[in-house]
Structure formats: C-alpha cells, structure tokens
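Heavy-atom basis, side chains included; hydrogens, waters and symmetry copies ignored. In what follows, every chain begins at residue 1, and chains take the letters A, B, ... in the order their sequences are listed. Quick caveat, the model's predicted, so the values are computed rather than measured.
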Number of protein chains: 2
Amino acid sequence: MRSAIEMFPRQEKLSEADGPQYLALRDHIALNIEIGRLLPGSRLPSERQFQSEAGIARGTIRQALSQLEAEGLIYRRDRSGWYVSPPAITYDPMRWAGFMAYVAEQGRVPATTTLEKSIRPATAALADIFRVAPGASLYEIRRRRMIDGRSVLVERITVDPALAPDLLSHSLDGSLTDILKSEYGVTVARNRVDMRPCALVRDAAEALGVHSGTPGLLVVRTSFDASGRVVEYDQEYWRHDAIRVHVDLTVREETIPPK
Amino acid sequence: MRSAIEMFPRQEKLSEADGPQYLALRDHIALNIEIGRLLPGSRLPSERQFQSEAGIARGTIRQALSQLEAEGLIYRRDRSGWYVSPPAITYDPMRWAGFMAYVAEQGRVPATTTLEKSIRPATAALADIFRVAPGASLYEIRRRRMIDGRSVLVERITVDPALAPDLLSHSLDGSLTDILKSEYGVTVARNRVDMRPCALVRDAAEALGVHSGTPGLLVVRTSFDASGRVVEYDQEYWRHDAIRVHVDLTVREETIPPK
DNA sequence: GAGTGGTCTAGACCACCTT
DNA sequence: AGGTGGTCTAGACCACTCA
C-alpha cells in the first residue's frame, strides 16, 4: 500500500542535525505543506504509515502532529485522520455584518445550524448584563456555524424577550442581527468585544467534533442599541485555526478610565 | 516524602464515571485550583508524585497536565515543574498607553528587557508596510516583557529611522510610544491590530522560556500618525494564558469595503 | 471488517534545574 | 547529586469511521 501523497520520496531523510525527532518530523510535514505538496483539506498519511516510513514510534509521531495542530497548520477529524487546515477567515468586530455575509464576502461557503432554542432563567451574571432580575426569562440560542463544510464555531446567544418578543419562532439559521433589525427595529450602535485564547472542551468540543483540549478562541460580544440597552450577548467558541481578528481604529485620547 | 499540597487526601479517588482517565485527573486538579487549594503561582506535585499517588502511567499524567496547560490553568517552567497560572492581563488596543502603565494600572508589576537593537534592511513585506525601498535601513528592536516576574510576551518592533533618527541610542526598556512622542513629536492617530491564535515556537518559545508548541496569541499592531505614515510596526507573541483582549467600539456603518 | 485515531502501560535515558 | 520535566520506545486494546 502506498500513500496518495508520497511524504518520503527517494528515501528522503529527516534532518538529524539537532533538536528532538518530533520537531524534525514537524518541519518535514510543514515543508510539504508550504511547498504545496499537501494542499488545504487534503489528508495526511496515517500515523501508522508515518511509523513504518519514518521508523519512529507512534507516540513521537503524534507529538509532531499535535505540534502542527497547535500551530494551526493541520487539524484532525476524530478517528478519520489528519488534514491540512484551510485558510482562516478574517473577523472584524467593527464591520460586523453577520457571519453569513462575512464569510461569503471572503469567497467561502458559510452555513449555520441551530442546535437549540430555549427560554432560561437569568443567571446572576446574565441578570447583571441585561439589567433584569435574576431568574427572569431570557432567550438562549445555541448555533453551530460552518465554513466550507467544516465546523468552525459554536455560539451561545442570549437575548432579552422584552426587546424581541417571539424571537424563537423565527428561523435562526441566518443572520440574527438582520432579524432583530427587520422584525423588531432593533439596531446595534455599540459593540463590546472580549477575546481570549482558550481550549475547546466538553460541550464546545463535542459540538465542533474536535478533540477535547484543542486550542480555541473565545469571543464574547455584547451588543448595545443607541439607548445603551443590551441587544445581544454572544459567546463564540472558535477553532483556533479558523479565525483572525482585525481591528482598525482611531486612538482614543486617554480620559478618565471607565469603571 | 509528602507533597506540600496534598492532592489526594484521605485516599480521595478520581471519579471513574466515564470518559478517559486523563480527563478525570484534569478535573481533579482543576477543582483543586478552583476551590483555592492550589493558588496562582504555586507548584503542582511532580509528575512522578502523581504517578505513585494516583497509580496512573506518567504519559497519562502528562496528557492531563497538557490539557490544563492548553486551557491556560497551569503552565510549566522547563525542567522545574508545573505551576498554577496567574490571572491574565486585559489588553485594550484602543486605550493603549504603553505596557508599563497598563500593567501597573491593573495592580501588577511590569518589566521590560531589551533583547536586541539593530539596523536591518527592509524585507519585501516591511518595505511595503513602510513605503520604503526594499533593502532600506529600518530599526528593529526585540524586547521581552514580564508581569510579576513571569515572561509573558516577546515582541519585534520596526521603526523607520526617518521618523525617529538615532532612536536606538535611547533606553528602550520603558515605553517606546512615550519616547516617540516626547523626543520626536510623533503621535499615534490610528492603530491597526491583527490578532490570531498561534503556537510559540523556536525563537519566541526560547525567549519566553516556554516549551516549543505552547499555545500563544500573536498580536500585530501597526501604528499610524495623523498624516497616515507608519510610526511603528509591532509583532507581539503572547503566552496564551497571560492576555485577554477587550475592545469597545461604536459600530461603523457598512461602507465601501476597503482594499 | 479493515483501518483509523484515542487511550494507556511500563519501562528507558537524557538535559537541565535546584540545592 | 538528586529530582525534574523532555523525549522516546514498543507494545496493547478500544471506539469509531469508512467503504
């Protein structure tokens, strides 16, 4: 059996210069990706193929693959194989026009699946954000979003029913911002965005079909209308290799720090 | 020998309910951190202590620890041990007043080490950014910055000598923005910030004293003055557990997409 | 049903940090 | 000098995917 992509043509050797073996293998695979011998979306040889071709223990192979995954160069599909990562999408919280429009604008194919719509009592944290009483009813929407057929984020959106009564009866597979605008006349005047690297675990990992512990990016977006009411509170868990954030802004003069 | 922090008091067992062992151990350690039995900065028991106390193979222990590292809950000091991560610092590109001021404002102790100052010929990419001829001389500064004694980022700053002649003769261990302002009258009117999750490898990993492949966040900041000239081009490699990004902005109306 | 990655074991030797 | 994490081996069995 011969791999579709020949990773070690003509008994090509890994450089033995210095450093650990797994980094040498990492470099070898990374090079193959850079020069285009391995294209985005294509599958790498199996771990056991590497094992026999490179003569390295499987644990070491997996170390190299995990390193490449951490760098965002490759990703895994559970019990299927390792694949070269497609390019990341650029996310601009300032020009945010909705995921669907955004992804399409960059020449990719977006898709959305609504995982769950529910009414939930406000937790203490959410009550504080929405300025409602703890335990008050809030809409909660969980969605998964895809680019070119690959799941790239899961999100949990919270909306105050007072602003958008009967919201859950609409189809939420498109742009929520559009629905809020066209159906309820609610527009976003201000966005507060928090971002931090995280790991995708448990629910998020399961929904994205990724290995628990895969690195990710958590983007929390709080949208306000012109009168300062919270329109939407959105927690997005992104695959780390699928997103780049771009912000272009004029510098605000240092004033009294807000509290 | 008894560990300073008793992780398994009274023969406490790991939950055997379901899922892999390494996640059970992860949960166990995470719980100890949450309830404050393990405080930020404190050292975890050694891998071999876990091995004997929990009766699990060392490879499995390391899997649990790596997971916690990916989540940002713990970090390692090379060949010294595993430690509980301190809280992250909040970074606001809009209110950027310099790392030193910023960190101090959040009650932490900042420090900066200049690793290298040099004059380098502009690469094609840099020439394009600064609108100079390829090969033209540019200042390059490499610095490492610390919070409470822990290295959290390394950066590579590029400045056009035309805007700040003789810049390298100044001490660069403080705020570069301050120097540009007070010594050269250059102020920043606009910032372009790009962020993406990455892995810390090679130089960056070495400078931060982290394991190659540790997750990180790359922040690229391009600063412009009022006339649109590039003042500073800064690539910052952050430890992923040390930073949160916060942006608060008014939504820009959709206009012609810039190209 | 064959092949894949996911998990786990029980060792080993090394480079380096710490005291 | 002793202990630590870093690397690596050579197996094993399992759950799951895919054809």
Nearest whole angstrom, please: distance from the [atom2] of [N] to the [atom1] of [X].
{"X": "B:Gln67", "N": "C:dG6", "atom1": "CD", "atom2": "C1'", "answer": "13 Å"}
{"X": "A:Tyr22", "N": "D:dC8", "atom1": "OH", "atom2": "C1'", "answer": "12 Å"}
{"X": "B:Arg26", "N": "C:dT7", "atom1": "CZ", "atom2": "C1'", "answer": "17 Å"}
{"X": "A:Asp78", "N": "C:dT4", "atom1": "CG", "atom2": "C1'", "answer": "10 Å"}
{"X": "A:Arg77", "N": "C:dG6", "atom1": "CZ", "atom2": "C1'", "answer": "17 Å"}
{"X": "B:Gln63", "N": "D:dG6", "atom1": "CD", "atom2": "P", "answer": "15 Å"}
{"X": "B:Arg62", "N": "D:dT7", "atom1": "CZ", "atom2": "C1'", "answer": "8 Å"}
{"X": "B:Trp82", "N": "D:dG3", "atom1": "CH2", "atom2": "C1'", "answer": "16 Å"}

Do A:Trp82 and A:Glu69 have side-chain N/O donor and acceptor atoms under 3.5 Å apart?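 No, no side-chain donor-acceptor contact under 3.5 Å.
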
Side chain of [X]: nearest nucleotide among [options]?
{"X": "B:Pro20", "options": "C:dT7, D:dG6, D:dT17", "result": "C:dT7"}
{"X": "B:Arg79", "options": "D:dT4, D:dT17, C:dT4", "result": "D:dT4"}
{"X": "A:Ser46", "options": "D:dG5, C:dT4, C:dG6", "result": "C:dT4"}
{"X": "A:Gln21", "options": "D:dG6, C:dT4, D:dC8", "result": "D:dC8"}
{"X": "A:Ala57", "options": "D:dT7, D:dT4, D:dA10", "result": "D:dA10"}
{"X": "A:Ser80", "options": "D:dT17, C:dC8, D:dG5", "result": "D:dT17"}
{"X": "A:Glu47", "options": "C:dG6, C:dT18, C:dC13", "result": "C:dG6"}
{"X": "A:Arg58", "options": "C:dC16, D:dT9, C:dT7", "result": "C:dT7"}

I'd like to know if A:Arg48 reaches the base of C:dG5 with its side chain, counting only an N/O donor and acceptor under 3.5 Å.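 It does, because a donor-acceptor pair links the side chain of A:Arg48 to the base of C:dG5 below 3.5 Å.
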
Ignoring hydrogens and angles, are the base of D:dG6 and the side chain of B:Arg76 linked by a donor-acceptor pair under 3.5 Å?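 In this structure, the two groups form no donor-acceptor pair.
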
Test salt bridge (Lys or Arg N to Asp or Glu O under 4.0 Å) on A:Glu140 and A:Arg156; report intermediate values, then the result. CA-CA 7 Å; A:Glu140 181 177 298; A:Arg156 187 186 305 271; 2.9 Å; yes

Below the 4.0 Å mark, does D:dG6 have OP1 or OP2 next to a side-chain nitrogen or oxygen of B:His211?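 Looking at the OP1 and OP2 atoms of D:dG6, one of them is under 4.0 Å from a side-chain N or O of B:His211.
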
Reckon A:Thr60 has a side-chain N or O less than 4.0 Å from the OP1 or OP2 of D:dT9?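 Yes, within the criterion.
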
If you assign B:Gly81 and A:Gly55 each to the DNA chain D nucleotide with the nearest heavy atom, which residue ends up on the more 5' nucleotide?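 Checking each residue's closest nucleotide, the 5'-ward one belongs to B:Gly81.
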
Regarding B:Arg77 and the six-membered ring of B:Tyr83, is the cationic atom NZ or CZ under 6.0 Å from the ring centre and inside 45° of its axis?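 That pair qualifies as a cation-pi contact.
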
If we only count heavy atoms from C-beta on, is the [X] to [Y] side-chain gap below 4.5 Å?
{"X": "A:Leu65", "Y": "A:Leu44", "result": "yes"}
{"X": "A:Pro215", "Y": "A:Arg239", "result": "no"}
{"X": "A:Tyr237", "Y": "A:Cys198", "result": "yes"}

